[in-house]
Structures are given as C-alpha cells and as structure tokens.
Amino acid sequence: RFRGSKRMILNIYENDVLLSLYEVVKATLNYDEDLILIGRENATQQTFTRNYIVIDTLASVPTSRPLRKYDNVNEIEYWHTNMTGTFTLEFYGTKARVNHTNFLNLVNSQECRDAQKANEIVLFLPKNTNNLKMQTQSKYYERYEIEVVIQYIVKTAVDRLRIDTADIDY
C-alpha cells in the first residue's frame, strides 16, 4: 500500500470569539442586538450617547499545541488550537452603569452559562472594571468598561485524500 495525500484547505472553522461573546452578552442581559457593536469602526462620538455595548479584543494567546483528528470516512483532517484571550465590554449611554452592574451580577446566571455552551466559549469572572467617564474626566458621556478572559478554540479542516493503491508504470 502506498499512502500519499492531496492537501486542500476546505474551510477555516474559526469560532469567531467576538460573535460568540456578542451572543453571550445579548443572552445574559436580554439586550437589543442593534445596541451591541463589535469594534468601533465607523462610530462617531454621537454613537456613544445611546445605550450601546461595544465588544472588542485586547489580545489572545494559544494555550496548546495544534491538535489533529482525522476522519477516515470523509477523509478530512481537523486541526484545533485552544486559545485564551482578553476582551473588553464597554457600556455607554444613560444605562451604562445599570448595564455594567447587571452584567457583573449575571455573569454566573443560567442564561450566561447556556449561551457560553451554545457558542463554545468559557467566560471567566471579569478581571478588571473601570468607570472610564471618571478616568477620562469626561463631563458628558457615561462609560464603563469590563475586561473578561475567554477560553475558546480555533479550528481548521483540511481535505486529506489517502491513496491506498498506487499505479506505477515502469
């Protein structure tokens, strides 16, 4: 038997952790999805007078070596790496303090745990929280921030065809 392979990346199944965190925040606070933003692209100062929650990333790091699993039936090789990252939730508007406090209090709620499981992330207790209005000495915009650490997995699938017999012409 001769074993060779043809390699083609089928699809990168990255658990987009920001989208997962978005879903967790939405479920935990039972929040209007139109008021949750990922990143601040195209945002103006006026944007943050509304009761927005902005989700962003600070940094992530691999916490394991890439692991391989091969599906013999479909001839697909799956790779995954465990990651840990720090993310921020910033709360704006007249309900900033209330939403900030509610998230801190509800992070261990059943809704939060169910959303984490459904979105394949593990959200640890918040590690830092700040009243950014006070720190920046702003007179107008309410702004609170929570830093959270999340464990998640990034995945890649590769089409890996086996050649069980070789046709060799001499």
Nearest heavy-atom pair of [X] and [Y]: which atoms, and what distance?
| X | Y | value |
| --- | --- | --- |
| Ser60 | Gly85 | OG-CA, 3.5 Å |
| Phe124 | Gln151 | CE1-CG, 3.7 Å |
| Val24 | Cys112 | CG1-SG, 3.8 Å |

Side-chain donor or acceptor of [X] paired with backbone N/O of [Y] under 3.5 Å:
| X | Y | answer |
| --- | --- | --- |
| Tyr152 | Asp16 | no |
| Thr28 | Val25 | no |
| Asn51 | Lys95 | yes |

How long is the straight-line distance from [atom2] of [Y] back to [atom1] of [X], given to the nearest 0.5 Å?
| X | Y | atom1 | atom2 | result |
| --- | --- | --- | --- | --- |
| Lys26 | Ile53 | NZ | CD1 | 12.0 Å |
| Ile121 | Glu23 | CD1 | CD | 10.0 Å |
| Thr63 | Asn82 | OG1 | CG | 5.0 Å |
| Gln116 | Leu123 | CD | CG | 4.5 Å |
| His80 | Thr156 | NE2 | OG1 | 11.0 Å |
| Arg65 | Trp79 | CZ | CH2 | 9.0 Å |

Open item on the list: If you apply the rule side-chain hydrogen bond (donor to acceptor under 3.5 Å, both in side chains), what do you find for Tyr144 with Thr101, and how did you get there?
Closed with: CA-CA 9 Å; Tyr144 289 83; Thr101 302; over 6 Å; no
Sub-4.5 Å side-chain heavy-atom contact between [X] and [Y]:
| X | Y | result |
| --- | --- | --- |
| Leu106 | Glu111 | no |
| Ile55 | Leu37 | no |
| Ile153 | Thr81 | no |

Say whether [X] and [Y], considering side chains only, have a donor N or O and an acceptor N or O under 3.5 Å apart.
| X | Y | result |
| --- | --- | --- |
| Glu90 | Tyr92 | yes |
| Glu145 | Asn130 | yes |
| Asn99 | Tyr31 | yes |
| Asn74 | Asp71 | yes |

- [ ] Could you tell me how the ring of Phe91 sits relative to the ring of His100: parallel (under 30°), tilted (30 to 60°) or perpendicular (over 60°)?
- [x]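 Perpendicular: the ring planes of Phe91 and His100 meet at over 60°.
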Open item on the list: Can you tell me if Asn72 has over 12 outside heavy atoms packed within less than 6.0 Å of its CG?
Closed with: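 Count over threshold, so yes.
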Task: Charged N-O contact under 4.0 Å between Glu120 and Lys155 - done: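 So Glu120 pairs with Lys155 through a salt bridge.
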Task: Sidechain N-carboxylate O distance under 4.0 Å for Arg97, Glu142 - done: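 So Arg97 does not pair with Glu142 through a salt bridge.
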Check for me, please, whether [X] and [Y] land in the same ILVMFWY cluster - side-chain distances under 4.5 Å, paths through other members count.
| X | Y | answer |
| --- | --- | --- |
| Val122 | Phe87 | no |
| Leu21 | Leu125 | yes |
| Leu89 | Val149 | no |
| Val148 | Leu132 | no |
| Ile38 | Leu29 | yes |

Open item on the list: As a test of understanding, state which of Leu35, Thr94, Asp34 forms a side-chain contact (heavy atoms from CB on, under 4.5 Å) with Arg50.
Closed with: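 Passing option: Leu35.
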Open item on the list: I need the single residue from Asn128, Thr86, Thr88, Thr129 that forms a side-chain hydrogen bond (donor to acceptor under 3.5 Å, both in side chains) with Glu147. Which is it?
Closed with: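 Among Asn128, Thr86, Thr88, Thr129, the one that satisfies the side-chain hydrogen bond (donor to acceptor under 3.5 Å, both in side chains) with Glu147 is Asn128.
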- [ ] Tell me, with the steps shown, if Val158 and Ile76 meet side-chain contact (heavy atoms from CB on, under 4.5 Å).
- [x] CA-CA 6 Å; Val158 178; Ile76 297 174; 6.0 Å; no
